[in-house]
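Have a look at the structure below, then the notes.
For ligands, and for the atoms within them, numbers begin at 1 and follow the listed sequence.
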Amino acid sequence: MSDQAKLETGGKTYEFPKLSGTCGPDVVDIRKLYAQTGQFTYDPGFTSTASCESGLTFIDGEEGVLLHRGYPIGQLAEHSSFMEVAYLLLNKELPDQSELDEFIYTITRHTMVHDQLRQFYQGFRRDAHPMAIMCGVVGALSAFYHDSTDISDPEQRKIASHRLIAKMPTIAAMAYKYAVGQPFLQPQNDLSYTGNFLRMTFGVPAEEYEVIPAVEKAMDRIFILHADHEQNASTSTVRLAGSSGANPFACTAAGIACLWGPAHGGANEAALNMLHEIGTPDKIPHYIERAKDKNDPFRLMGFGHRVYKNYDPRATVMQKTVREVFDALDVKDPVFETALQLEEIALNDDYFKEKKLFPNVDFYSGIILSAIGFPTTMFTALFALARTVGWVAQWNEMISDPGQKIGRPRQLYTGPTQRDYVSIDKR
Ligand code: CMC
């Protein structure tokens with residue numbers, strides 16, 4: 001603990017302890033504020049509020065730094081694998097070879113879903129959004145795995161976490177297969193986590209599916225880049241849902257619901273749609289003007305971030321990965337040219353410079369996913385698949401914390417004061 005913060009209110013001075021983490025700003029510990037002063041803090045959108053203590057992920061938005069358990073995202077994306085990053089987030093340290101092998105073995109052997117779960121898919125319209133299906137099906141897992149829902153037992157929490165991480169690719173691939181009317185494919189244990197997902201999505205029972213290593217690597221990297229991101233909206237949703245002691249599968253479904261929104265995980269879909277709408281580079285200035293016009297709701301999707309006021313380090317890796325995937329698949333998509341030019345024009349525009357709006361992870365991810373063959377509606381489902389690792393790691397961290405309490409914010413009430421009921425004939 002460092003020094004104290006002073007607050008003067010109602011003619012009195014109160015002192016609150018300041019707490020320091022290992023990195024990042026100090027926090028003023030206001031847990032006793034209401035008890036001592038009878039006042040709340042007001043912070044809609046939590047722009048100045050640390051909602052928890054966490055050792056998983058650190059972001060310095062001013063400097064464009066993202067660390068998982070201390071390791072920079074650029075190094076993890078370059079040298080690691082999604083399974084290794086998942087192990088790191090769950091277990092605090094990078095695994096040695098035998099730990100990693102055992103982890104992969106465990107995850108691989110949990111990839112199948114209960115056979116009855118297939119029937120849930122038949123209940124959806126074929127044109128249902130994959131995120132609608134994922135919300136429903138992942139929530140439904142709560143009804144299937146009763147042996148891993150005693151959240152006070154660390155072993156059961158571990159099994160639930162492994163199940164969620166392992167089954168997500170199967171569930172997402174099934175959502176895709178259902179939309180295109182092809183049969184579901186069972187997982188195949190000799191493939192990697194990511195290779196397996198690609199086969200379950202793009203393979204058909206009539207022929208062998210060949211995983212293209214460059215695509216597998218790019219996809220794995222995209223998963224790494226989305227694995228965790230501190231206390232973002234969907235992670236906070238999972239924590240809040242979990243704080244009541246709710247079932248982990250249901251909490252993850254809540255995270256999926258939050259992630260779906262266009263201001264969060266839905267932005268990659270929105271960004272690619274926007275790039276298609278812009279079409280050719282000559283139209284860029286018109287859209288830049290629209291983005292700056294306060295009377296126009298249009299925003300540059302894939303630009304800006306609540307935390308990053310510098311280039312999102314994930315966007316740097318994404319931009320590089322676009323080129324790798326295009327080379328591997330021999331794709332030339334004019335939309336990438338439009339994206340590069342849009343980025344350059346926006347970065348040199350005073351409005352974007354003043355507001356510190358830079359490309360975020362979603363600006364380029366849609367271009368890669370589209371080149372691999374995913375329809376735009378699947379983009380957010382892929383984000384959910386990868387973010388499940390972060391959600392369960394954060395959920396585990398919260399439940400293991402002995403000081404954990406149910407999340408219960410307060411409010412600034414602006415409705416009517418107490419008044420008497422008036423019968424309908426007198427209104
Ligand atoms: N285009 C044009 N103007 C923008 C944009 C944008 N993409 N983003 C922010 N602004 C302006 C905004 O109008 C506001 O202007 P003013 O101060 O004059 O009112 C100012 O910049 C600050 O924006 P804000 O909305 O108050 O900031 P926020 O921290 O609440 O929002 C954001 C962050 C990500 C929701 C927002 O930047 C946005 O809507 N971006 C587009 C959607 C997007 O790409 N989302 C993906 C986020 S990264 C993936 C993830 O973590 O899920």
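- Under the 4.0 angstrom criterion, atom 27 (O) of ligand 1 counts as lacking any protein heavy-atom contact.
- Inter-residue side-chain proximity for Tyr193 and Ile104 is flagged as unmet; no heavy-atom pair is nearer than 4.5 Å.
- Taking 4.5 Å as the limit, some side-chain heavy atom of Ile73 sits within range of a side-chain heavy atom of Ile224.
- A cation-pi arrangement, defined by a distance under 6.0 Å to the six-membered ring centre and an angle within 45 degrees of its axis, is present between Arg290 and Phe298.
- For the pair Arg306 and ligand 1, the shortest N or O to N or O distance falls below 3.5 Å.
- For atom 22 (C) of ligand 1, no protein heavy-atom neighbour is present inside the 4.0 Å cut-off.
- Contact annotation: Lys294 has at least one heavy atom less than 4.0 Å from an atom of ligand 1.
- Here the side chain of Gln156 pairs a donor or acceptor atom with the backbone of Thr149 at under 3.5 angstrom.
- For the pair Lys283 and Glu277, the salt-bridge criterion is not met [side-chain N within less than 4.0 Å of a carboxylate O].
- Residue, atom and distance of the protein heavy atom nearest to atom 7 (N) of ligand 1 are Leu300 O, 2.7 Å.
- Atom 20 (C) of ligand 1 has as its closest protein heavy atom Lys355 CD, 3.8 Å.
- Which parts of ligand 1 touch Gly265 is read off a 4.0 Å heavy-atom cut-off, strictly below it: atoms 52 (O).
- Using a 4.0 Å threshold on non-hydrogen atoms, atom 10 (N) of ligand 1 counts as touching the protein.
- Classification of Glu78 and Lys320 as a salt-bridged pair holds, one side-chain N sitting under 4.0 Å from a carboxylate O.
- The closest protein non-hydrogen atom to atom 42 (C) of ligand 1 is Met301 CE, 3.4 Å.
- At least one N or O atom of Gly302 sits closer than 3.5 Å to an N or O atom of ligand 1.
- Under the 4.0 Å criterion applied to side-chain N and carboxylate O atoms, Glu324 and Lys217 are not assigned as salt-bridge partners.
- Distances between N or O atoms of Asn360 and those of ligand 1 include at least one value under 3.5 Å.
- Tyr121 places a side-chain N or O within donor-acceptor distance of the main-chain N or O of Ile171, the cut-off being under 3.5 Å.
- Cation-pi check for Arg69 over Tyr71 is not met; the charged atom does not lie both under 6.0 angstrom from the ring centroid and within 45 degrees of its normal.
- The shortest N/O to N/O separation between Ala267 and ligand 1 does not fall below 3.5 Å.
- Using a cut-off of 4.0 Å between Lys/Arg side-chain N and Asp/Glu carboxylate O, Asp330 and Lys332 are scored as salt-bridged.
- For Asn232, the heavy-atom gap to ligand 1 stays at 4.0 angstrom or more.
- Atom numbering of ligand 1 starts at 1 in the shown order; those under 4.0 Å from a heavy atom of Ala263 are 45 (N), 46 (C), 47 (C).
- With hydrogens and angles disregarded, a donor-acceptor distance shorter than 3.5 Å links the side chain of Thr338 to the backbone of Gly279.
- The protein heavy atom nearest to atom 2 (C) of ligand 1 is Ala291 O, 3.6 Å.
- Protein heavy atom closest to atom 36 (C) of ligand 1, with residue, atom name and distance, is Arg299 NH1, 3.3 Å.
- The N/O atoms of Phe352, backbone and side chain alike, include none that comes under 3.5 Å of an N/O atom in ligand 1.
- Here is the list of ligand 1 atoms found below 4.0 Å of a heavy atom in Asp362: 46 (C), 48 (S), 49 (C).
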